*Asks:* 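Next up is a structure, given as structure tokens.
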Amino acid sequence: MKKLIVIDGNSLIYRAFFALPLLQTEGGRYTNGVYGFTTMLLKMLEDEKPDYMLVAFDKGKKNFRHDTYKEYKGHRPSTPDELREQFKTVKEMLELMNIKFYEAENYEADDIIGTVCEQAKGQKLKTTVVTGDKDILQLVDESVEVMLTRKGITNTERYDVEKFKEVYGINPAQFIDIKGLMGDSSDNIPGVPGVGEKTALKFIKKYKDIEGVYENVEECGGPKMREKLKANKDIAFISKDLATIFKEVPIDFKFEDLNIGIFDVKLKDMFMDLEFNSLLPKLNIETPQQQLKELEIKGNTNAKDLQNKKVAFWWTDSTIYVCDGKLVYKLEDEKQMNQFLCDESIDKICYDKKSVLHKASDIGCQPKELKFCSVIAAYLLKPEQKEYTMEFLSTNYIGNTAVCDEFPQNYSYALYNIAQNLKKELEEKKLWKLYLELELPLTEVLYTMERNGVNIDREHLTELKDEFSKRLADLEEKIYSYTDEKFNINSPKQLGKILFEELNLPVIKKTKTGYSTDVSVLEKLRTEHPIIEHLLQYRMVAKIKSTYLEGMEGLIGKNDGKIHTHFNQTITATGRLSSTEPNLQNIPIRVEEGRKVRKIFVPHQKDNILVSLDYSQIELRIMAHMSQDSVMIDGFKKEQDIHTRTAAEVYGVDLEEVTYEQRRNAKAVNFGIVYGISDYGLSQNLGISRKQAKEYIDRYFERYVGVKSFIEETVEKAKEKGYVTTLFNRRRYIPEINSRSFHRRSFAERTAVNTPIQGTAADIIKKAMVDIHKANLACDMLLQVHDDLVFEIDKSKADQVIPQIRTLMEGTIKLDVALTVDVNKGNNWYNME
DNA sequence: AGCGTCACG
DNA sequence: ACGTACGTGACGCTC
């Protein structure tokens, strides 16, 4: 029989407060109530080893009993300040212990306890109520016992039905009749004057209940007593009502939520803060491995055994380990694994949902109710983290480093507990909605895109490769014609030696290790020597050939001739996706030669076309919305070219008069604004002096005062809170925002400005992807390139589907400036118009 | 493994 | 005096 412990929080804290000396920490916090409560709770966990636990608290001073009798508990002195502050501490501690607590408006802790005991009966649980309040004794029955604290805190007396009868000589249910007659001075329940415990017990033993007493009132006691009973009949019944625990408090909970989990690591810190040094050794936060020694592992489990459970699972090559928080089950048969994954009655927590979906697909199954993905949850909490290994998750969310490959079953158990803590923290930080409505559904979209893949025109790839190989050989020859001997052009070290030592060209920039030979340097040397032009060409051609042609070729699927990139959802600190093996988010487009690579990406069926829909100026639109800058909003409302408008503002000319040069500069400033502008950065980008760059920026801020104050406020808020957020509440911590190092602090400030913008843009397109996926349109989503979605669509359906996609993309969120989407289509990713 | 370089948004 | 524009990934070289 499973065991439930219900604790009367108010009662225990009060009792501890008055029983113990007024303990104080060095910092002046009062801790005696917390200390006594904690000691008791730890003792209960240790001695009773319950399966479930719950703590009930009173809420507010008033409850429904005041409606019938407004003097109820009227004589109670108000809670001392030294005690009041301790309730909050206890609740914080319970959070870290993963122990649920409840309070309900208009009810007392007793009523919650009564309600829980009642519901526990339906679950066939053995319940122990821990309290210092004798009123609770009325709940004692075959399945409920009460631990009553006596003097002190941990000194208790256990009341089951037998014990109760022995002490009082009546049934526990009759306790309220006793109370009705004798009243309770501490609760200010009046009762019948002149009737004490002895008399009350005598009457109730004889007549069963108050009703019985009044039916036979003429036989009771002497004439004086009869007089009092008759005169106070109403009071007696009201008193009984007041003493009766209400068992139908509307609280929402499931017993599985009350599972005893693992203490949060932070509990140790809390104990140290509270100076509970004597309790620290008791805290012995057990590792999953230690606990697993006692855990039964059921091999060759049938998936049916797991129905209706909430579980976490860990999938190794040939085995799925499933844990329901108590037991670990082992699924070794592929058919059983399949059934388990597809069973809609099983709530599943996994480590990495997207890889589970892929693995499941390999055994021909579409998992259901994969409700929790630990890596995604951890990513939203710490997006700047590089990896979310099990080691990371267990040290950070259950305070344990002992999970290891040697015992894969431990992973399922650890995961079960990790997930509870991740969820809790997501809720605390208001990230749950983002998680549940955006990131988790997006995982399925990304899985589908990865499975779809992009078809490749192999023949054309070969042609391009030949062409670029020939060009590379020509360039190589030309480069060597200027040097004494051949060298490795791809080696920056060797090239630096040739340029700056053999050809004696001026050194523009240095790297940590030697001369810099990057594009910006070569561009400045262009007029100095004819070799430079060829080097620039060589670099470009070599890049295209190695990265985009040869690199791509090796990743074409043998069976389907397609490329299946991996969209990683947990890499970027801002919320963007990333793409690897291959990276399809950086296929060349800006320079014609590179752009040709896009010709190899083609539809996989001849009646299909590729369609790309991209958000126009999404980041600047978000900046306009967030900053509420009137000039920027005006530009977008009038559908003006944003860079031209900026140039007109900054140079003080009409829109029509803006020159190409002015627009180019304005565009660079606009980009800079989104990046968290600096004069140095702008000067590098435009190839101008820092002084000049600073003048541009100053002029910009004169015209765009809303943007200026938005940037200042954003930095200010980051300094205050330590993090920044997007419109969808995605969060990124900026720890260095208060650094004493100018360099680190400046970097942090730019990050603080850029992240809400870039992150909101990421939120928006992610939402669009989820919406499009849900709409089940006649299209295959293939790629996402930050502000761009690429689809494959049947030619004959394109005119119908494209507007549907566009409407969804433009409608993801209502900003103060409209979101607009441009459409391009073609028979490959190059020919798009 | 870390660096330099360069492709994209 | 400081010395970078924001966010990524892949390649080749060097150690």
Side-chain angles (χ1 to χ4, degrees), chain A residues 383-384 386 487-496 509-522 535-536 538-552 554-555 565-568 571-591 593-595 597-598 614-620 623 668-686 690 693 697 724 732 734 739-759 761-762 765 783-789:
Chain A
E384 60 278 55
K386 286 245 147 53
F487 65 103
N488 187 343
I489 309 169
N490 290 320
S491 160
K493 197 178 165 191
Q494 292 181 41
L495 179 61
K509 199 164 72 171
K510 285 206 148 198
T511 66
K512 282 179 202 166
T513 48
Y515 310 112
S516 170
T517 65
D518 68 19
V519 198
S520 73
V521 171
L522 294 184
L535 281 172
L536 283 163
Y538 177 93
R539 280 260 174 88
M540 181 179 72
V541 172
K543 176 84 178 176
I544 295 167
K545 179 169 176 265
S546 66
T547 304
Y548 296 104
L549 299 175
E550 288 166 349
M552 216 53 74
L555 293 163
T565 184
H566 299 83
F567 285 108
N568 200 322
I571 294 291
T572 71
T574 55
R576 275 189 175 181
L577 299 176
S578 87
S579 155
T580 54
E581 283 182 294
N583 180 354
L584 291 186
Q585 290 181 321
N586 72 345
I587 303 301
I589 189 166
R590 294 170 187 164
V591 177
E593 277 95 333
R595 191 174 192 153
V597 172
R598 294 190 169 222
D614 65 286
Y615 282 108
S616 161
Q617 302 293 355
I618 188 166
E619 293 190 342
L620 284 170
M623 173 59 101
V669 176
N670 276 333
F671 269 103
I673 289 297
V674 172
Y675 292 154
I677 201 155
S678 74
D679 49 14
Y680 182 82
L682 183 64
S683 73
Q684 290 298 298
N685 188 280
L686 283 176
R690 254 181 65 181
I697 296 167
V724 290
R732 177 179 182 180
I734 319 272
S739 167
R740 264 82 60 210
S741 148
F742 171 83
H743 174 217
R744 285 163 184 266
R745 190 175 62 250
S746 305
F747 190 18
E749 287 173 0
R750 291 195 298 275
T751 308
V753 174
N754 174 259
T755 298
I757 310 278
Q758 192 183 117
I765 195 164
L783 300 173
Q784 188 251 43
V785 192
H786 310 308
D787 60 3
D788 194 2
L789 291 177

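Bear in mind the structure is a predicted one, so any value in this text is a computation, not a measurement. Chain letters run A, B, ... following the sequence lines, proteins first and then strands; every chain starts at 1.
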*Asks:* Counting any heavy atom closer than 4.0 Å, what does A:Phe747 reach on the DNA or RNA strands: base, sugar-phosphate only, or nothing?
*Replies:*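 Sugar-phosphate, backbone atoms only, no base.
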*Asks:* Have a look at A:Ala573 and say if it touches a base, only the backbone sugar-phosphate, or nothing, with a 4.0 Å heavy-atom cut-off.
*Replies:*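 The residue A:Ala573 makes sugar-phosphate contact but no base contact.
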*Asks:* What is the separation between atom OH on A:Tyr548 and atom P on B:dT5, rounded to the nearest whole Å?
*Replies:*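 The answer, rounded to whole Å, is 17 Å.
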*Asks:* Nearest 0.5 Å, please: how far is CD1 in A:Ile677 from CG in A:Asn685?
*Replies:*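 A:Asn685 CG to A:Ile677 CD1: 9.5 Å, rounded to 0.5 Å.
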*Asks:* Which residues in residues 510-520 of chain A have a heavy atom closer than 4.0 Å to any atom of DNA chain C?
*Replies:*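 Here the set is empty: none.
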*Asks:* Which whole number of Å gives the distance between the P atom of C:dC2 and that of B:dA7?
*Replies:*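 Approximately 31 Å lies between the P atom of C:dC2 and that of B:dA7.
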*Asks:* Nearest-Å distance, CZ (A:Arg598) to P (B:dC8)?
*Replies:*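 Rounding to the nearest Å, CZ of A:Arg598 and P of B:dC8 are 8 Å apart.
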*Asks:* Could you check whether A:Ile571 gets within reach of a base, just the sugar-phosphate, or nothing at all, counting any heavy atom under 4.0 Å?
*Replies:*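 Counting heavy atoms under 4.0 Å across all strands, the contact made by A:Ile571 is with sugar-phosphate only.
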*Asks:* Let me know the distance between CG of A:Leu555 and P of C:dA10, rounded to the nearest Å.
*Replies:*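 Between P of C:dA10 and CG of A:Leu555: 9 Å.
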*Asks:* Rounded to the nearest Å, what distance is computed from the CZ atom of residue A:Arg576 to the P atom of nucleotide C:dG9?
*Replies:*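 Atom-to-atom, A:Arg576 to C:dG9, this comes out as 11 Å.
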*Asks:* Determine the contact category for A:Arg732: base if any of its heavy atoms lies under 4.0 Å from a base atom, sugar-phosphate if only primed atoms, P, OP1 or OP2 are that close, otherwise nothing.
*Replies:*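 The residue A:Arg732 makes sugar-phosphate contact but no base contact.
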*Asks:* Expressed in angstrom and rounded to an integer, what is the separation of A:Lys543 atom NZ from B:dT5 atom P?
*Replies:*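 To the nearest whole Å, that distance equals 12 Å.
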*Asks:* Represent DNA chain C in dot-bracket notation, 5' to 3'. Only Watson-Crick or G-U wobble pairs with both distances under 3.5 Å count; pseudoknot-style crossings use [ ] and interstrand partners use |.
*Replies:* .....|||||||||.
*Asks:* With sugar-phosphate meaning primed atoms plus P, OP1 and OP2, does A:Arg590 contact a base, only sugar-phosphate, or nothing at under 4.0 Å between heavy atoms?
*Replies:*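 Counting heavy atoms under 4.0 Å across all strands, the contact made by A:Arg590 includes a base.
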*Asks:* CG of A:Asn488 versus C1' of C:dC15: gap in Å, rounded?
*Replies:*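 For the pair A:Asn488 CG and C:dC15 C1', the rounded distance is 16 Å.
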*Asks:* Looking only at N and O atoms, is any donor in the side chain of A:Gln585 or the base of B:dC8 less than 3.5 Å from an acceptor on the other one?
*Replies:*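 Checked by distance alone, the answer is no.
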*Asks:* When you measure from the side-chain N and O atoms of A:Lys493 to the phosphate of C:dC15, is any distance below 4.0 Å, counting only OP1 and OP2?
*Replies:*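 For C:dC15, OP1/OP2 do have a side-chain N/O of A:Lys493 under 4.0 Å.
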*Asks:* A:Ala748 near the nucleic acid: base, sugar-phosphate alone, or nothing, with a heavy-atom cut-off under 4.0 Å?
*Replies:*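 Result for A:Ala748 = nothing.
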*Asks:* Would you measure the distance from the P atom in B:dG4 across to the matching atom in C:dG3 and give it in whole Å?
*Replies:*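 Those two atoms are separated by 15 Å.
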*Asks:* Please work out if A:Val785 contacts a base, only the sugar-phosphate, or nothing of the nucleic acid, heavy-atom cut-off 4.0 Å.
*Replies:*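 Sugar-phosphate, backbone atoms only, no base.
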*Asks:* Base, sugar-phosphate, or nothing for A:Ile677, non-hydrogen atoms under 4.0 angstrom?
*Replies:*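 Base contact.
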*Asks:* Contact class for A:Ser579 vs. all strands (heavy atom < 4.0 Å): base, sugar-phosphate, or nothing?
*Replies:*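 Contact class for A:Ser579: sugar-phosphate only.
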*Asks:* Rounded to the nearest Å, what distance is computed from the CG atom of residue A:Leu783 to the C1' atom of nucleotide C:dT8?
*Replies:*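 These atoms are roughly 16 Å apart.
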*Asks:* Mapping A:Thr751 and A:Ser746 to their closest nucleotides on DNA chain C, which lands nearer the 5' end?
*Replies:*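 Nearest-nucleotide comparison on DNA chain C picks A:Ser746.
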*Asks:* To the nearest 0.5 Å, what is the distance between CD1 (A:Ile765) and NE2 (A:His786)?
*Replies:*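 One finds 9.5 Å between CD1 of A:Ile765 and NE2 of A:His786.
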*Asks:* Classify A:Asn583 by what it touches in the nucleic acid, base, sugar-phosphate, or nothing, heavy-atom distance under 4.0 Å.
*Replies:*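 Sugar-phosphate, no base atom in range.
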*Asks:* To the nearest Å, how far apart are A:Arg745 CZ and C:dA1 P?
*Replies:*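 Roughly 17 Å, once rounded to whole Å.
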*Asks:* Would you classify A:Gln684 as touching base, sugar-phosphate or nothing, given that sugar-phosphate means primed atoms plus P, OP1 and OP2, and contacts are heavy atoms under 4.0 Å?
*Replies:*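 No contact at all - A:Gln684 keeps every heavy atom at 4.0 Å or more from the nucleic acid.
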